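Just so it is clear, the model here is predicted, and its values are computed rather than measured. Letters A, B, ... mirror the listed sequences (proteins, then strands); counts begin at 1.
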Amino acid sequence: MSRNYWLFKSEPDAFSLDDLRVMGHEHWDGVRNYQACNMLRDDIHEGDGVLFYHSRIKEPAVVGIAQVARSGYPDFTAWNPESKYFDPRASAEKPVWYMVDVAFVAQLPTPVTLNQIKGHPALTDMMVARKGSRLSVQPVRPEEWRAVLALGGIGVDPLG
DNA sequence: GCCAACGTTGGC
DNA sequence: GCCAACGTTGGC
């Protein structure tokens, strides 16, 4: 199967690229939006490429890349009453919400800012550039993936 | 911190 | 099943 590409948003105060670098890999849990969750469950597979995007900061930007280390599976934080992501509707039998695991790959030598994305002819159609786009997990076209890596200073795609 | 845009909830 | 009210996201 061919590799797909995605953009994952995170507020760095909650979970940053550096956090992922330190941990090596981590669950991408806590997504509580049906559209995003359906992608996590059905479409996002081990080996896929992920643009790691920092949101809700002064200069929102793609700051690094990660790789999906495990395809979609139930987000068990949903039925943990201790978790801030607890959802009383969810259970091990009826998970409701899904997550993937991601592994750190690289930091971009130069972050690619939202402003750059909006101003770059090859990237203006990216979902993240659209006003009011709140989807925290978004599909990325292969040519967009390549353009972001090039802008970010990565000459050779580490995922091949 | 503000507020527009969006998704969800719940009364009817 | 409509839609107003509400909560959340995220750029600014």
Side-chain angles (χ1 to χ4, degrees), chain A residues 4-23 26-44 48-68 72-102 104-141 143-145 147-154:
Chain A
N4 290 310
Y5 300 98
W6 311 92
L7 180 145
F8 286 11
K9 288 182 196 169
S10 186
E11 295 181 30
D13 285 348
F15 188 70
S16 69
L17 182 71
D18 276 339
D19 293 332
L20 182 62
R21 187 215 311 273
V22 168
M23 294 173 172
E26 183 56 305
H27 315 300
W28 201 269
D29 57 10
V31 175
R32 296 293 179 266
N33 168 283
Y34 286 111
Q35 207 184 337
C37 226
N38 288 342
M39 287 190 276
L40 290 169
R41 185 188 60 201
D42 302 329
D43 304 325
I44 305 184
D48 284 358
V50 173
L51 298 176
F52 199 117
Y53 178 87
H54 281 173
S55 66
R56 229 168 189 287
I57 52 173
K58 203 168 280 179
E59 188 105 84
V62 176
V63 292
I65 59 181
Q67 188 168 29
V68 178
Y73 64 104
D75 181 345
F76 47 72
T77 65
W79 60 85
N80 174 8
E82 309 290 307
S83 170
K84 61 177 168 178
Y85 301 125
F86 177 66
D87 181 342
R89 297 170 299 170
S91 66
E93 294 73 31
K94 286 221 160 195
V96 185
W97 303 111
Y98 287 79
M99 64 183 172
V100 299
D101 290 353
V102 294
F104 178 86
V105 174
Q107 180 173 1
L108 296 187
T110 315
V112 178
T113 68
L114 180 60
N115 272 336
Q116 273 181 288
I117 290 172
K118 286 178 172 172
H120 195 287
L123 301 177
T124 43
D125 284 340
M126 281 186 77
M127 200 177 284
V128 74
R130 286 216 290 270
K131 189 182 178 185
S133 164
R134 289 170 39 176
L135 207 55
S136 63
V137 169
Q138 311 180 350
V140 168
R141 288 182 267 270
E143 58 271 26
E144 294 166 344
W145 169 268
V148 169
L149 262 56
L151 274 177
I154 293 186

Please work out which of the three classes, parallel, tilted or perpendicular, describes the rings of Phe15(A) and Phe52(A), given edges at 30° and 60°. tilted
Nearest heavy-atom neighbours spanning Pro60(A) and Tyr53(A):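 So the minimum-distance heavy-atom pair works out to CB-OH, 3.2 Å.
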So which atom in Pro109(A) and which in Gly153(A) form the shortest heavy-atom distance, rounded to 0.1 Å? CG-O, 3.6 Å
Determine, step by step, whether Arg56(A) and Asp13(A) satisfy the salt bridge (Lys or Arg N to Asp or Glu O under 4.0 Å) criterion, reporting the C-alpha distance in whole Å, the side-chain angles of both residues, the deciding distance to 0.1 Å, and the verdict. CA-CA 9 Å; Arg56(A) 229 168 189 287; Asp13(A) 285 348; over 6 Å; no
Can Thr77(A) and Asn80(A) be counted as having a side-chain donor-acceptor contact under 3.5 angstrom? no
Glu26(A) CD to Asp101(A) CG distance, which is reported to the nearest 0.5 Å: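 One gets 7.5 Å once the value is rounded to the nearest 0.5 Å.
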Value for NZ (Lys118(A)) from CE (Met126(A)), rounded to nearest 0.5 Å, stands at 12.5 Å
What are the bounds, 5' to 3', of the part of DNA chain B that sits under 4.0 Å from heavy atoms of chain A?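 The protein-touched segment is dC2(B) to dT8(B).
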Output field: ring centroids Trp97(A)/Tyr34(A) closer than 6.0 Å: yes
Relative to the 5' end of DNA chain B, which residue comes earlier, Arg56(A) or Asn33(A), by the nucleotide with the nearest heavy atom? Arg56(A)
For DNA chain B, which residues in residues 126-141 of chain A have a heavy atom at a distance below 4.0 Å?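 Contacting residues: Lys131(A), Gly132(A), Arg134(A).
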